[in-house]
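We name chains A, B, ... by the order of the sequence lines, and we start the count at 1 in each one. No hydrogens, no waters, no symmetry mates; every other heavy atom, side chains included, goes into these values.
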Number of protein chains: 2
Amino acid sequence: MHRRLLLLGLLRQHKMHGYQLNEFIERDLSFCAEVKRPTAYYLLEKLAEAGYITEEEEERRGGRPPRRIYRITPRGEAYFLELLRENLRTYRRVTFPGDMGIAFIDALPPHEARELLEERYAQMREMLERIQQISGHAGAPRLVIEHHITHLKAELNWLEEVLASLAQEEESAGEA
Amino acid sequence: MHRRLLLLGLLRQHKMHGYQLNEFIERDLSFCAEVKRPTAYYLLEKLAEAGYITEEEEERRGGRPPRRIYRITPRGEAYFLELLRENLRTYRRVTFPGDMGIAFIDALPPHEARELLEERYAQMREMLERIQQISGHAGAPRLVIEHHITHLKAELNWLEEVLASLAQEEESAGEA
DNA sequence: TTTTCCATGTAACTCGTTACATGATTTC
DNA sequence: GAAATCATGTAACGAGTTACATGGAAAA
């Protein structure tokens with residue numbers, strides 16, 4: 001449902017065609033939204049069938065496929081608000097696939113585990129920097145960026161503690 | 001892949017049948033792992049086909065279906081380590097469906113948005129408390145619990161800021 | 001001249017979930 | 001006597017992704 005919410009929310013701001021919509025999502029929202037192109041086209045079709053948006057063909061010069069311009073309808077606006085309320089109201093639990101590795105971390109010698117997690121750590125830092133750079137960027141909603149920054153900082157903190165405890169294990173193993 | 005990692009990781013510790021495996025996951029790991037029963041059965045079948053685990057039927061008194069006891073094989077052990085290394089090494093980005101609502105929060109009057117988010121906030125607190133209570137619990141891996149606690153606290157902090165900024169908007173709207 | 005951009009769409013597939021089905025045994 | 005427990009399995013569905021297909025126009 002959050003993908004529909006996204007599409008409706010964007011169409012509420014401007015009429016757009018699918019390609020445009022997808023470009024915007026990829027360029028400006030890829031850090032927080034996952035909607036692949038075929039999915040977007042598919043959902044637009046569904047939303048149009050349901051009467052939440054209208055589809056208007058705009059002929060293009062050259063043999064190009066005509067653009068299909070989508071606009072939100074009053075019913076779509078109502079639906080958008082419904083989805084929005086539902087989304088704001090409910091907390092959806094996150095699961096971290098990366099936790100499975102942590103759960104079985106003892107299966108590896110501490111120094112190897114540390115090396116591997118160090119790689120993960122570097123990727124997380126990179127991600128944090130990339131997100132911090134979006135900050136000025138128009139289009140990307142400020143609160144969401146801040147959310148991701150908060151989140152990533154917490155993740156980094158936690159991983160640092162894990163790494164520290166691994167380092168300690170290594171030490172005490174070295175003594176023995 | 002992280003589901004396979006989980007199953008192999010558990011079978012590495014004890015031989016088990018599917019029902020037992022599923023019970024353990026639901027009871028002790030539901031806070032961090034999502035594997036539904038049919039999925040578990042399905043994956044066990046696949047892992048057995050691939051030779052990573054062996055299947056042994058144990059007849060049961062009464063008309064009950066025989067238990068299928070699974071044990072990890074040496075190849076399975078190697079595969080487990082492969083998956084484990086891969087899992088530890090790579091950071092997988094998280095997306096929050098709840099961010100979509102935040103992105104369009106201005107579509108609602110601040111007081112309504114605040115009320116809705118207040119509900120979300122309550123659910124998050126509940127979740128945090130539930131996880132803090134697992135802490136003593138055997139079976140659930142300590143680091144993963146701590147991860148979730150860290151995560152949830154960061155989420156709560158961030159939401160508190162959002163709520164505060166909404167409260168401010170309400171105030172300045174009240175003045176006008 | 002080759003690559004990239006525009007703009008759509010479809011088909012096949014993966015992964016996972018829900019819902020349904022079975023059947024004896026123990027517990028309330 | 002009804003309900004929960006044990007223990008499996010299958011079928012249908014849903015959501016989303018990847019990969020494939022088209023075809024001219026503009027840019028390199």
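- Ring orientation note: the planes of A:Trp158 and B:His147 are close to parallel, at an angle under 30° on the 30°/60° scale.
- A:Phe96 belongs to a hydrophobic cluster whose remaining members, ordered by chain and number, are A:Val94, B:Val94, B:Phe96; membership requires side-chain heavy atoms of ILVMFWY residues under 4.5 Å apart, directly or through intermediates.
- Scanning residues 25-39 of chain A for heavy-atom distances under 4.0 Å to DNA chain C yields A:Arg37, A:Pro38.
- Side-chain N/O atoms of A:His148 and B:Asp99 include a donor and acceptor closer than 3.5 Å.
- Taking atom CZ on A:Arg4 and atom P on D:dG16, their separation rounds to 7 Å, with Å as the unit.
- When rounded to the nearest whole Å, the span between CE of B:Met16 and C1' of D:dT8 equals 17 Å.
- Classified by interplanar angle (parallel below 30°, tilted 30° to 60°, perpendicular above 60°), the ring pair B:Phe80/A:Phe104 is perpendicular.
- Going from atom CG of A:Asn22 over to atom P of C:dT8 covers 10 Å, rounded to whole Å.
- Using a 4.5 Å heavy-atom cutoff, the side chains of A:Leu43 and A:Arg4 are in contact.
- Put simply, B:Tyr19 has a side-chain N or O that comes within less than 4.0 Å of OP1 or OP2 on D:dC6.
- Between the side chains of B:Tyr121 and B:Glu160, a donor-acceptor pair is found at a separation under 3.5 Å.
- Judged by distance alone, the side chains of B:Thr90 and B:Arg92 do bring a donor and an acceptor atom under 3.5 Å apart.
- In this structure, A:Arg68 atom CZ and C:dG9 atom P are separated by 4 Å, rounded to whole Å.
- Between the CG atom of B:Leu43 and the C1' atom of C:dG16 there is a distance of 9 Å, given to the nearest Å.
- Rounded to whole Å, atom C1' of C:dT8 lies 12 Å from atom CG of A:Leu44.
- Put simply, CD on A:Glu23 is 10 Å from C1' on C:dA7, counting in whole angstrom units.
- Comparing C:dA7, C:dG16, D:dT8 by their closest approach to the side chain of B:Arg3 singles out C:dG16.
- Atom pair A:Lys46:NZ and D:dG14:P shows a separation of 10 Å (rounding to whole Å applied).
- The side chain of A:Arg67 lies closest to C:dT8, out of C:dT8, C:dT17, D:dT8.
- Phosphate contact (OP1/OP2 of D:dT8, side-chain N/O of B:Tyr41, threshold under 4.0 Å): present.
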